[in-house]
Amino acid sequence: MAALVGAPLAAGCTAPGAASPSGGGAGSAGTTAPDFTARTVDGSNFRLSSHLGKQVVLLDFMATFCEPCKAELPQLRAIYDRHEAEGLLVVGVAMDGPETVADVPAFVRRFELGFPVVLDQDSSIASRYDPRKSMPFSVLIDRSGRIVREREGYDPGDEKLVEADVEKALATR
Amino acid sequence: MRRLARSAAVVAALAACTLWPARARALDAGQAGGEPIRLDVTETSIAAQRFDARYLEYPQDTGWGDWMNRLDTDLRWGRWTVGLRLDSAVFWRRPLDNPDYASLPAAQHQEIVQDSQSRYGNAIYPAKMWATYSAPGVEVTAGDAYAQFGRGLILSMRKVDELGIDTTVRGGKIAVERGPFALTAIGGIANPSRIDEATGRELFVTQPTPGYTQAPVFGSDRVVGLDLQEGRGLPVTLSTHAVRFSRCAPYHYDANGHVVTDWGSDPSAVTFGTCDASDVKQWLQGLNLVPRGLLAHDITMAAQSFEVPSLWGHGQLYVEAAVQQRQSDVPGQPRNAEGNAIYGTLDVDAGISSTTVEVKSNRNFYTVAASVAPYAPEFAIVAYSFLPPAEAFDMLDAEGTGDFNACVDGGRVREDLDVSSDLLLWGQGVYAYSKTEQPNGACDQYGHTITSAGVSAASVQDVVWDGIGGFEWYFDDKRSHVFASAGARDDTRESGDVGYREQHAEYSVAIYVKGPWSVEIQGRHRHREEAGFNVDEALHERWWSEGENYIALRMAPKWVFTAGMEYTTLAGQPPTYFNGAVLYKFRSDSSVSFFLGQQRGAFRCASGICRFFPAFEGGRVELTLRF
């Protein structure tokens, strides 16, 4: 509803599209990330708990029809490229339903996403992390499996804040 | 202007009221058995005040205010999660309470009284509740769960927030995975969201009204289903699934045909509904004839999918075939109807080119619509299965939400050319041949056209062509972009009559300026013609234009200021609409937004589902808090 009775540019895809401060509260900071198993775009199985405790994980909820997601993804990919070797894993969660899920493989190729992208057609993963189902919506999970930052929306310039959070999480052992 | 100022003051006051009670705290509830207990809270609160009716607007859609609240709580302990979503709605200045009500003509009084029976009822109810046990390879849920099998042809119960849809199965769900095998079993009663924020319409039994008997709005729809996947993670994945839906009555009907809604008199039926044959027949007879599958009391479906997730590393293939049987006791409906559907996608990449092909071929195969009474049309879009439309995403509304895909052959081809890492060129073509876009069209399980007596086959067979092309260009280290596209659609019946035509163009330009500043402009223009719309005095259908343009100034990471203008030349609607909005993010995950102004009523689509939203003129404040 927000996108339809709110101003589209302020609302992003389904929720407010503004960026987030680096300070202030940290959403569900400290909460253990809920586990999930899902299929990736290339058909393999992905289980979140297999990576918790080993890597810093950045979940990014997105969709092929979400324009702010298209603005964010090149930046997210660059962050992943710079920090993959230090233990960062980005996981894209494609919230496309059956009406657009056929476009996901080409979308992944277009943005040259080298990280796993899982399909969440029935919105069961999104409902665990973000009952609002906003896009883009990112969840940063540290090596102990705890959520350290949730971030709704994307504006140009936000990538610096995302990267600062990632570097901080990577530096924490 | 005074009206605007008065309403702005109301909105500001509402904002303060909305913010104040939301001072909750995240809860670290200590430990049990060596495991921490955590409580997560997501609070979404929306308050809106509509201005009074202007030119040709309905009094029942204007002047009222509401406060909708969603409180999501999630308690986690080890492998257990217990959740509750509490939804509430409070309405004020309803059409019946509006000071202008007395001055309306008697016919409108009657209309408003009738309409208000299923609208504007203050309510608080547990929208979702669940307990889940999750361990490697096993997940068991008691309560509300989302579910989709394959591409949704036989089961798709999910959340589409943009349209206010949030449908779960309230019962049980078990998912087990072992190596390449996975099994999902589900059973329970369908549980959609009960309150429509845009209109205040509700799925509860109608409110007591002098001169009217209470009537149910939503049925008791049951579902059981099983999905077995083989070959997960292997070169070929197969999935076999079956579902049975049973429509039951939401209440018992007494000898006078009135529903028994008193819990003390009939606790079982009031809580779960009743599958008593006479109650079911009485309930279903009052439902709409369209969509056609609505009058079946039992719908059984089975499907098989075949997937190759990697075609030599250069694409993938997915094919799903499904059959459907509908049983009905409603007079005039076939006792047993059968249908079938095939859907497939092929994705291939070669160098800079990516090609996506989608095909559909359906015969007498209907989506399973929720049992919703005709006086709650806003909920007619709630369905438990979904036929992938293979359509231009932006053009889904041209098909409406009827039965377009029940008897259809068609497909879509999209070509993406990655000219460089900063430039994408894309184009898409769609073709569809539907026998069910028109309300009096149908087909049998072999695809033969069926029409009402005296109606020619050619007048219910629609041929649709749709083309669109565009580009996406990034620059300034990919912090700025220009997205643009343009296209056209033609839907003509074989009789030669125009069903629908459109030309359209869209753009989105985001420019990163400096530091935290960026500017974005976004808009769309549509030139449309549709049978039965925009009819002039000589009864000729005329083309009309509509669109919107928005500009936003962004100051990352906290502020977004937006101004917009919408317009339409459709007869009977105000031609221009102006609005402004401010969004403030006080945390990375929490925000408050204010909207003031007008937006035109329109048929809008999200996630392949379309519905009509009435025009909005007023103020709105929305708060999202996550703990």
Side-chain angles (χ1 to χ4, degrees), chain A residues 1-10 14-22 24-28 30-32 34-35 37 39 42-45 49 65 67 70-71 74-75 97-103 105-106 109-110 121-124 127 131-133 149-152 155-158 161, chain B residues 38 40 42 44 72 134 146-148 151-152 158-159 161-162 164 197 232-233 309-310 316 345 347 349 354 356 358 386 388-389 393 416 418 424 478-479 481 508 512 516 518 520 522 550 552 554 556-558 560 562 564 579 581 583 585 587-589 591 593 595 604 607-608 613 616 624 626:
Chain A
M1 264 314 300
L4 299 172
V5 186
L9 288 177
T14 59
S20 49
S22 56
S28 302
T31 302
T32 306
D35 192 20
T37 303
R39 290 197 64 195
D42 61 12
S44 56
N45 294 329
S49 56
F65 52 83
E67 291 210 351
K70 291 185 201 173
Q75 306 300 333
E99 62 286 344
T100 51
V101 72
D103 290 327
R109 271 197 301 277
R110 183 197 322 167
Q121 286 191 69
D122 66 358
S123 57
S124 57
S127 66
R132 283 263 293 141
K133 209 181 168 194
R149 180 73 70 192
E150 291 178 332
R151 194 177 290 279
E152 185 179 62
D155 281 332
D158 279 354
L161 306 176
Chain B
R38 299 275 183 180
D40 286 344
T42 302
T44 308
D72 277 283
S134 182
Y146 298 100
Q148 181 171 300
R151 292 286 164 96
R158 59 193 172 119
K159 186 173 164 78
D161 241 9
E162 306 89 319
E197 194 246 322
R232 285 164 66 98
S310 178
Q316 48 190 252
T345 70
D347 174 76
D349 71 284
S354 290
T356 305
E358 264 188 304
F386 183 82
F393 183 73
D416 286 3
D418 289 298
L424 169 82
K478 295 189 192 292
R479 287 180 298 191
H481 68 250
S508 169
Y512 175 69
S518 61
E520 185 173 358
Q522 195 179 80
Y550 281 85
R554 298 174 185 271
K558 289 194 172 181
V560 182
T562 308
N579 61 61
L583 180 113
K585 299 201 77 173
R587 282 197 336 216
S588 63
D589 58 358
S591 62
S593 65
F595 172 91
R604 299 172 198 245
S607 298
F613 282 91
F616 181 86
T624 303
R626 294 182 175 88

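Every chain is numbered from 1, with letters handed out A, B, ... down the list of sequences.
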With sequence neighbours excluded, what pairs up with D418(B) under the salt bridge (Lys or Arg N to Asp or Glu O under 4.0 Å) test?
none
Rounded distance (nearest 0.5 Å) linking atom CG of L424(B) with atom CZ of R110(A):
5.0 Å
Can you find a heavy atom in the side chain of R39(A) that is under 4.5 Å from one in the side chain of P309(B)?
yes
Just how far is it from atom OG of S591(B) to atom CD of E152(A), taken to the nearest 0.5 Å?
5.0 Å
Does the side chain of D158(A) come within less than 4.5 Å of P557(B)'s, by heavy atoms?
yes
Please lay out, stage by stage, how E67(A) and Q522(B) fare under the test side chain to side chain contact (heavy atoms under 4.5 Å, CB included).
CA-CA 11 Å; E67(A) 291 210 351; Q522(B) 195 179 80; 3.7 Å; yes
Verify, without hydrogens or angle tests, whether K133(A) (side chain) and K159(B) (backbone) share a donor-acceptor contact under 3.5 angstrom.
yes
Are D155(A) and K585(B) within salt-bridge range, i.e. N to O under 4.0 Å?
no
Applying salt bridge (Lys or Arg N to Asp or Glu O under 4.0 Å), can you list everything that pairs with R479(B), at least two apart in sequence or on another chain?
D476(B)
Against chain A, work out which of S310(B), P516(B), A147(B) has the most heavy-atom pairs shorter than 4.5 Å and name it.
A147(B)
With a 4.5 Å cut-off on heavy-atom pairs, point out which of D122(A), V101(A), D42(A), D35(A) contacts chain B the most.
D122(A)
Non-hydrogen atoms of S124(A) and Y146(B) that approach each other most closely:
CA-CD1, 4.4 Å
Ignoring hydrogens, what is the shortest heavy-atom contact between F386(B) and P98(A)? Give both atom names and the distance.
CD2-CG, 3.5 Å
What's the separation between atom NZ in K70(A) and atom NZ in K478(B), rounded to the nearest 0.5 Å?
14.0 Å
Side chain to side chain, R109(A) and D347(B), heavy atoms closer than 4.5 Å
yes
With a 3.5 Å distance limit and no angle check, can you tell me whether E99(A) reaches the backbone of P389(B) through a side-chain donor-acceptor pair?
no
Chain B contact via Q121(A) - which portion, at a heavy-atom distance below 4.5 Å
both
When D416(B), D349(B), T356(B) are compared by non-hydrogen pairs under 4.5 Å with chain A, the top option:
D349(B)
Sort out for me which of S44(A), S49(A), G157(A), A102(A) touches chain B most, counting heavy-atom pairs under 4.5 Å.
A102(A)
When you compare the side chain of P156(A) with that of H481(B), does any pair of heavy atoms fall below 4.5 Å?
no
